[in-house]
K.L.:
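I'd like to ask some things about the structure below.
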Protein chains: 2
Amino acid sequence: MSLSRRFEPHQTIVEEGQPADFLINVTAGTVKLFRTLSDGRVQIVGFLKRGDFLGVPAGGAYNVGAEAISPVETCNFSRPPFERLLNDNPTLEHRLFQMASNEVAAARDHLLLLGRKTARERVATFLNLMVDKAQCGHAATPCLDLPMTRAEIADYLGMTMETVSRVLGAFKSDGLISTTSPSEITLLNPDRLKKVAEGEA
Amino acid sequence: MSLSRRFEPHQTIVEEGQPADFLINVTAGTVKLFRTLSDGRVQIVGFLKRGDFLGVPAGGAYNVGAEAISPVETCNFSRPPFERLLNDNPTLEHRLFQMASNEVAAARDHLLLLGRKTARERVATFLNLMVDKAQCGHAATPCLDLPMTRAEIADYLGMTMETVSRVLGAFKSDGLISTTSPSEITLLNPDRLKKVAEGEA
DNA sequence: CGCATCGTTGAGGTTGGTCAATCCCTGTGG
DNA sequence: CCACAGGGATTGACCAACCTCAACGATGCG
C-alpha cells in the first residue's frame, strides 16, 4: 500500500493535470511545486522538504507540477486505501487539516509578496523564509545552503534570474550578506534583513 | 454558542493579527480578505461569499484582515465549543478539510496570476473567476454585477486602479465586454476572454 | 446644489524585464 | 596536465509595462 521512490535532480515527480493517483510524502530532498502558462512562463508555488505532502485532495488531478531539485525520496500512498485510513483515523485527518491550514497561511504571505513587494523586499523575504525552514536561525549570522538555482528563486519570486542576481549583489555591497559560492549565503545582519523584507528599510 | 452579526460596507470584520476567537461563517454579502504592509500597501487574498468560512485554525491569530464590501451577515462560532463539535463529528472536519484544500488550489491560481501574468491577463482572469463564482456562466453572454470597487479589484490583482480601468476600457474597445454602469459588466465573448486570461491571445 | 466618492483619462517617470556578452566552476577527455 | 565544453551566475545597455501624479467626469446623497 505504500511505495518508496527516488528521484534525481531535474526529474519530474508529477505533471500538472495528471490524475492524482497517489498521495506523496517527501522523505528526503527538496521538491519544487509549480504552475505554468502555455507559453512557458512558470510560477513556483512552493518548495517541499522532508515531511511535506503532495496531492492532498483537491479533486481528481494534481493542480501543480512537481520536480526534484536535490536528490529526493518519496513515499507514495495509493489513494483508495489512504482514504479508508483517513476515515478510520480522525486524528490523522485532523493532522492533515492543520497542514492544509498552514499551507493556506503560507500562500497568503506569498500572495502579498508577489502582489505588492519590490524586488529587494522579495529577495529579503525569501532569504528569511529559507532561514526559518532550515532551522539554522539560532545562530547570530545564520548560513544557508540553497538547493535551488537563481532561475528557480526567480520563478518563486515572480521575477527574472538577472534581477535576483543583481539584488543579491546589492545586498552584498550593503553588508547584509556574504557568499562563498552562489549557493552558500551567510546572513550578516538578520535583523536588518527582516526590516528590508517588510519594506521598513 | 453561535452568534449572528451584521456589517455594513466598509466595516471591519476582523483585524490582521487579532486573536482568532471566533470561527466565522458568512451567510450573506461579500467580504474581502487582505494582508497589508506597514506602509499601507494592501494585497487582497480572496473574497468570501455565502457559505465561506474565515478563521479556520492556523494558530491563535487571524492572519488576514476582513472587511465587508456589501452588507454582510455572519454567524460566529466561539472556538472552544466548535473544536469540541469537530472532535465529535469527523464528517464536519472532513468537509472543512475539503474546503481548505480548495482554498489552497485557488491560492495557487492566484499566485500564478500575481507572479507571471500581464495586466490584460490578470483582468481577464478576474472576470472569468467572477463569472464562475456567480454561476451565471450558463448564459452565452454572462452578465456580472461586481460588488467591489476598481481599487479593490486592483488590490486583488496586484496592480493600480488606473491600470484596471485602462484595461477594462481596452476590453470594451476590443468588443470583449460592455458595461452599463461601472459595476455591471457583460462578457460579450467569454471564449476569447478565457484565451486572453491564459495568455493565448 | 454642493460635496464626496468613485471612475476615467493623460503625461511622464521608474522599476524591473530583455537581450547579449562575459565569467566562473566543474567535469571530461586528449 | 591542460584545453574545452556546458551549465549556472553575473554584469551591462537598453527598453517597455506599469506606476505615479494630476486633472477631470460621473454618480449619488444630504
K.L.:
D:dG12 P sits how many Å from A:Arg166 CZ, rounded?
P.N.:
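One finds 9 Å between P of D:dG12 and CZ of A:Arg166, rounded.
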K.L.:
If the test is ring pair (Phe, Tyr, Trp, His ring centres under 6.0 Å), which one of B:Phe47, B:Phe126, B:Tyr156 qualifies with B:His110?
P.N.:
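Between B:His110 and the candidates, ring pair (Phe, Tyr, Trp, His ring centres under 6.0 Å) is satisfied uniquely by B:Tyr156.
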K.L.:
Is there a side-chain contact between B:Ile185 and B:Phe171 in this structure, where contact means two heavy atoms from C-beta onward sitting under 4.5 Å apart?
P.N.:
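No, side chains not in contact.
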K.L.:
Mind calculating the distance between CG (B:Leu168) and P (C:dC6) to the nearest angstrom?
P.N.:
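Spelled out: CG on B:Leu168 to P on C:dC6 is 17 Å.
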K.L.:
Taking only the side-chain nitrogens and oxygens of A:Thr160, find out if one of them lies under 4.0 Å from OP1 or OP2 of C:dG16.
P.N.:
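A:Thr160 to C:dG16 OP1/OP2: no side-chain N or O under 4.0 Å.
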K.L.:
Students often get this wrong, so: under 4.0 angstrom with heavy atoms, is B:Thr118 touching a base, only sugar-phosphate, or nothing?
P.N.:
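The residue B:Thr118 makes sugar-phosphate contact but no base contact.
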K.L.:
Which whole-number value in Å describes the distance from B:His10 NE2 to C:dT5 P?
P.N.:
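Going from NE2 in B:His10 over to P in C:dT5 covers 9 Å.
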K.L.:
Rounding to a whole Å, what distance do you find between B:Met161:CE and C:dT8:P?
P.N.:
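Whole-Å distance recorded here is 10 Å.
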K.L.:
Is A:Glu16 salt-bridged to B:Arg108, going by a charged N under 4.0 Å from an acidic O?
P.N.:
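No salt bridge links A:Glu16 with B:Arg108.
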K.L.:
In whole Å, what is the span from the CG atom of B:Leu146 to the P atom of C:dC6?
P.N.:
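B:Leu146 atom CG is separated from C:dC6 atom P by 15 Å.
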K.L.:
In this structure, how many angstroms lie between the P atom of C:dG17 and the CZ atom of A:Arg122, rounded?
P.N.:
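In whole Å, C:dG17 P lies 8 Å from A:Arg122 CZ.
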K.L.:
Hey, which sits more toward the 5' end of DNA chain D by its nearest nucleotide, A:Ser183 or A:Arg116?
P.N.:
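Upstream on the strand: A:Ser183.
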K.L.:
Does a nitrogen or oxygen in the side chain of A:Thr163 sit under 4.0 Å from OP1 or OP2 of C:dG17?
P.N.:
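Affirmative; the distance criterion is met.
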K.L.:
Roughly how far, to the nearest 0.5 Å, is CG of B:Leu114 from CZ of B:Arg122?
P.N.:
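Between B:Arg122 CZ and B:Leu114 CG, I get 5.5 Å after rounding to 0.5 Å.
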K.L.:
Return the 5'-most residue of the pair A:Met159, B:Glu162 with respect to DNA chain C, ranking by each residue's nearest nucleotide.
P.N.:
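This one resolves to B:Glu162.
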K.L.:
Closest nucleotide of DNA chain C for A:Val164 versus for A:Pro182: which of these residues is on the 5' side?
P.N.:
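By nearest-heavy-atom nucleotide position, the 5'-most residue is A:Val164.
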K.L.:
Rounded off to whole Å, could you give me the CZ-to-C1' distance for the B:Arg41 and D:dC19 pair?
P.N.:
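Between C1' of D:dC19 and CZ of B:Arg41: 13 Å.
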K.L.:
In this structure, how many angstroms lie between the C1' atom of C:dG7 and the CD1 atom of B:Ile185, rounded?
P.N.:
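Roughly 12 Å, once rounded to whole Å.
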